[in-house]
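Okay, structure first, notes after.
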2 protein chains.
Amino acid sequence: MKAGPDIARVAALVGDPARANMLTALMSGKALTATELAHEAGVTPQTASGHLARLGEGGLVEVTRQGRHRYYHLAGPDVADLLERLMGVAARAGHLRTRTGPRDAALREARVCYDHLAGEMGVTLLSVMIMRRWIVTTEQGLELTAPGAAAMGGFGIDVDALRGKRRPVCRACLDWSARRNHLAGGLGAALLTRMVDLGWVRRLPESRALRFSPTGLAAFTDRFGLAGAA
Amino acid sequence: MKAGPDIARVAALVGDPARANMLTALMSGKALTATELAHEAGVTPQTASGHLARLGEGGLVEVTRQGRHRYYHLAGPDVADLLERLMGVAARAGHLRTRTGPRDAALREARVCYDHLAGEMGVTLLSVMIMRRWIVTTEQGLELTAPGAAAMGGFGIDVDALRGKRRPVCRACLDWSARRNHLAGGLGAALLTRMVDLGWVRRLPESRALRFSPTGLAAFTDRFGLAGAA
DNA sequence: TTCATGCTTCGACGCTAACCGAAGTATGAT
DNA sequence: ATCATACTTCGGTTAGCGTCGAAGCATGAA
């Protein structure tokens with residue numbers, strides 16, 4: 001009927017919510033394992049496996065095997081470009097996501113998003129850091145200020161080490177349950193790691209959910225709460 | 001599991017073959033009636049009606065009523081750009097829809113991309129304009145230089161009028177057949193309009209393909225060709 | 001008014017594919 | 001060897017949606 005490339009096939013691959021979530025997660029440029037992507041998409045590993053196979057056949061992702069892990073990454077910059085344009089059109093049309101959220105209330109409260117804190121606690125954390133001018137929003141994205149770096153140093157985080165990595169220090173990650181940004185990037189990961197080390201929070205088994213201990217919660221609000229933010 | 005613009009919803013809209021055919025037909029920039037689009041997609045009018053309603057809700061097409069006809073057109077350049085990128089990814093992945101016909105070859109040579117020139121001729125045009133420093137590439141994208149503006153004025157294009165519009169004057173658009181950029185934006189549209197007005201090129205019926213007349217081709221290479229570019 | 005055309009809505013059918021449980025394969029650790 | 005982890009394949013169920021026939025509006029022409 002018509003000549004040209006089969007855009008419907010590619011679009012249909014992105015058109016499934018689970019696959020779209022996986023692709024969005026891969027937009028960071030990092031390679032993720034199949035299991036991580038399954039969590040990201042909110043489906044079981046066997047379902048994710050099928051999706052990833054189809055994405056591979058469609059030329060959207062590629063896989064590199066390392067031991068018993070399979071690291072998936074976007075097939076190329078053109079795929080990332082395509083996804084960004086999709087976001088642009090979707091945003092202009094005003095269609096925010098209406099899909100099923102984390103069913104568990106605990107997930108909405110606090111959970112791991114790849115390697116950093118998400119949920120209500122994550123959103124609160126970022127908003128307070130911005131309120132205290134530890135982080136400012138620029139055109140490029142989020143940026144850690146000098147007072148912010150000092151505060152992070154006081155919390156036991158080696159900011160200079162983070163700056164040496166290829167990974168951006170601060171990155172905004174839109175929180176699906178709260179519909180506001182939380183903090184990703186190297187600093188986001190370091191903050192969660194530090195909180196776990198301090199015993200403030202622990203991961204619940206078999207879940208992405210996080211549970212703050214009473215003392216941890218108190219310490220969190222003491223250091224990052226709204227009370228001292230003014 | 002992030003939120004943000006719902007790319008799955010938009011992609012799913014494009015992911016149906018019938019809707020993809022309609023959108024591809026609308027890439028010509030012309031407004032088409034629902035019945036024409038039904039024929040283009042190979043479905044009955046009542047099926048097409050449902051598809052068009054969903055495309056409208058999704059913000060991909062808009063409709064203007066004229067008498068008992070409803071003329072559909074793409075909602076904006078961003079949609080055309082999205083579709084072109086989809087073609088690029090699909091072409092790279094090797095998913096050509098059918099065997100390549102003579103009509104396909106004409107499309108690769110010169111075609112309309114929304115409202116500007118694409119295909120080999122479009123890619124050549126932009127590369128020459130860059131080579132002559134009429135256009136320079138900056139971090140923000142493409143930019144028209146003073147000599148470039150003068151040259152466009154000499155070609156009969158009112159550059160100041162273009163600058164007054166909200167639409168960017170120069171924009172790069174990735175060409176799916178050539179896998180290189182061609183010129184979109186207000187200037188790209190004005191250039192194609194001018195070439196049509198001058199009789200250099202005409203649209204082939206029922207297609208996005210363009211055909212240059214012999215004299216038009218000579219005039220094109222005379223003004224925009226590589227010979228004078230050094 | 002009456003008829004024709006363009007398009008939409010409704011209802012029903014059928015097919016695709018997303019999903020999970022269970023089982024199977026491959027790799028690494030003990 | 002034995003177990004654990006990571007991932008895949010298979011089977012069966014279910015939900016969604018693309019499709020068309022028939023009928024309903026709306027517009028324009030005779």
Side-chain angles (χ1 to χ4, degrees), chain A residues 1 6-23 25-26 31-58 60-73 97-104 114 203 205-208, chain B residues 1 6-23 25-26 31-58 60-73:
Chain A
M1 200 146 309
D6 189 353
I7 69 172
R9 176 177 175 140
V10 175
L13 283 174
V14 189
D16 176 76
R19 287 193 293 261
N21 282 336
M22 294 180 181
L23 292 169
L26 291 173
L32 301 176
T33 67
T35 306
E36 286 170 330
L37 287 168
H39 284 171
E40 203 67 40
V43 295
T44 56
Q46 59 268 35
T47 301
S49 176
H51 284 312
L52 288 168
R54 298 191 61 178
L55 287 174
E57 286 172 19
L60 295 185
V61 304
E62 288 171 355
V63 61
T64 60
R65 304 181 53 163
Q66 269 181 30
R68 53 183 166 182
H69 294 276
R70 296 199 170 174
Y71 286 93
Y72 287 88
H73 57 93
R97 205 176 290 206
T98 59
R99 247 175 41 87
T100 66
R103 290 167 190 169
D104 199 343
Y114 184 47
R203 303 185 60 135
E206 318 249 334
S207 165
R208 300 170 57 202
Chain B
M1 229 197 262
D6 191 351
I7 68 171
R9 176 178 175 140
V10 175
L13 283 175
V14 189
D16 176 74
R19 287 193 293 261
N21 282 336
M22 294 181 182
L23 291 169
L26 290 174
L32 302 174
T33 67
T35 306
E36 286 172 327
L37 287 169
H39 185 257
E40 199 70 36
V43 295
T44 56
Q46 60 268 34
T47 300
S49 176
H51 284 314
L52 288 168
R54 299 190 61 179
L55 287 174
E57 285 172 24
L60 296 185
V61 304
E62 288 170 356
V63 61
T64 61
R65 302 181 54 162
Q66 271 180 29
R68 52 182 167 184
H69 293 277
R70 296 202 170 173
Y71 285 93
Y72 287 88
H73 57 93

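Quick note: numbers below take in every heavy atom, side chains included, and nothing from hydrogens, waters or symmetry partners. A note on names: the letters A, B, ... follow the listed sequences, proteins ahead of strands, and every chain is numbered from 1.
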Check: A:R19 side chain, A:H51 main-chain N or O, donor-acceptor pair, under 3.5 Å: no
Specify the separation, in whole Å, of atom CZ of B:R70 and atom P of C:dT5. 19 Å
Report yes if the side chains of A:L37 and A:L26 come closer than 4.5 Å at any heavy-atom pair, otherwise no. yes
For a side-chain contact (heavy atoms from CB on, under 4.5 Å) check, start with the C-alpha distance between B:Y72 and B:V63, then their side-chain angles and the critical distance, and finish with the verdict. CA-CA 4 Å; B:Y72 287 88; B:V63 61; 3.7 Å; yes
Of D:dT19, C:dT8, D:dT8, the nucleotide closest to the side chain of B:A18 is D:dT19
Looking at D:dG21, C:dC19, D:dG18, which one has an atom nearest to any side-chain atom of B:R19? D:dG18
Between A:D16 (CG) and D:dA15 (C1'), how many Å, whole number? 13 Å
To the nearest Å, how far apart are A:L32 CG and D:dA6 P? 14 Å
A:Y71 near the nucleic acid: base, sugar-phosphate alone, or nothing, with a heavy-atom cut-off under 4.0 Å? nothing
Give the rounded distance in Å between these two atoms: NE2 of A:H69 and P of D:dT8. 13 Å
B:T47 side-chain N/O to D:dT19 phosphate OP1/OP2 under 4.0 Å: no
State, yes or no, whether a side-chain contact exists between A:V14 and B:V10 at a heavy-atom distance under 4.5 Å. no
CG of A:L37 versus C1' of D:dT8: gap in Å, rounded? 15 Å
If only side-chain N and O atoms of A:R54 are considered, is one of them under 4.0 Å from the OP1 or OP2 phosphate oxygen of C:dA18? yes
Please determine, for the side chain of A:S49, which listed nucleotide (D:dT19, D:dT9, C:dA18) has the closest atom? D:dT9
Base contacts versus sugar-phosphate-only contacts with protein, heavy atoms under 4.0 Å: please encode nucleotides 22-30 of chain C as B, S and - from 5' to 3'. B----BS--
Roughly how many Å is it from CG in A:L55 to C1' in C:dA17, rounded to a whole number? 14 Å
Using whole Å, report how far NE2 of A:H51 lies from C1' of D:dC7. 15 Å
So, for B:A20 and A:A8, which heavy atoms are closest and what is the spacing to 0.1 Å? CB-CB, 3.6 Å
Separation of atom CG in B:L52 from atom C1' in D:dT19, rounded to whole Å: 15 Å
Which pair of non-hydrogen atoms, one from A:V43 and one from A:M22, has the smallest distance, and what is that distance? CG2-CE, 4.4 Å
Output the distance between atom CD (A:E36) and atom NE2 (A:H69), rounded to the nearest 0.5 Å. 8.5 Å
I want to confirm an ordering. Mapping A:A34 and B:T44 to their closest nucleotides on DNA chain D, which one lands closer to the 5' end? A:A34
